[in-house]
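Presented below is the structure to which this report refers.
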Amino acid sequence: GLPPASWVASLHGARRALAALVDAAALPEGVERLVPVPLSVGDEQELVLRADRSLGAQAAAALAAGKAIRSARKDIEPVQTKVGVVPSAP
């Protein structure tokens, strides 16, 4: 299972778009990249990022900065991001 109160982000998009976002984001040390999971549509994948909750705000800000960089570059392949905290198990 996940460590108690982990920060997680789920990224959905084409493989190249996911790589571009993660590269542009300059994620902080301690953010784990879990193995991308292929989705049923074309080149679409889901990539989950995980970190200790204490890194959550910094990691979310890095993702936002990465999205801004991609936007400024006029990257047209979309990446959907969902960010949250997984509570500790009872």
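Not measured: the values here are computed from a predicted model. Note that these values count all heavy atoms, side chains included, but never hydrogens, waters or copies made by symmetry.
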Original post:
Which distance, rounded to the nearest 0.5 Å, do you find between the CD of Gln45 and the CG of Leu39?
Top reply: 7.5 Å
Would you mind writing out the side-chain donor-acceptor pairs for residues 14-21 within the sub-3.5 Å range, not counting sequence neighbours?
residue : atom : partner : partner atom : Å
Arg15   : NE   : Asp43   : OD1          : 3.4
Arg15   : NH2  : Asp43   : OD1          : 3.1
Arg16   : NE   : Glu77   : OE1          : 3.2
Arg16   : NH2  : Glu77   : OE2          : 3.2

Subject >> Pairwise distance OG(Ser6) to CG(Leu49) - rounded to 0.5 angstrom >> reply: 12.5 Å
Original post:
Same cluster or not: are Val8 and Leu63 linked, directly or through other Ile, Leu, Val, Met, Phe, Trp or Tyr residues, by side-chain heavy atoms under 4.5 angstrom apart?
Top reply: no
Subject >> Any residue meeting side chain to side chain contact (heavy atoms under 4.5 Å, CB included) with Pro38, in chain and number order, not counting sequence neighbours >> reply: none
Original post:
Under 4.5 Å between any side-chain heavy atoms of Arg50 and Leu34, yes or no?
Top reply: yes
Original post:
Ala62 and Ala26: which non-hydrogen atoms are nearest, and at how many Å?
Top reply: CB-O, 4.0 Å
Original post:
Quick one: NZ on Lys82 to CD on Glu46, what's the gap to the nearest 0.5 Å?
Top reply: 8.5 Å
**OP:** Kindly give the cluster partners of Ile76, where membership spreads through any ILVMFWY side chain lying under 4.5 Å from a current member.
**Re:** none
Original post:
So how far is it from Thr81 OG1 to Lys67 NZ, rounded to the nearest 0.5 Å?
Top reply: 3.5 Å
**OP:** State which residue, out of Val83, Leu55, Asp52, fulfils the side chain to side chain contact (heavy atoms under 4.5 Å, CB included) condition with Trp7.
**Re:** Val83
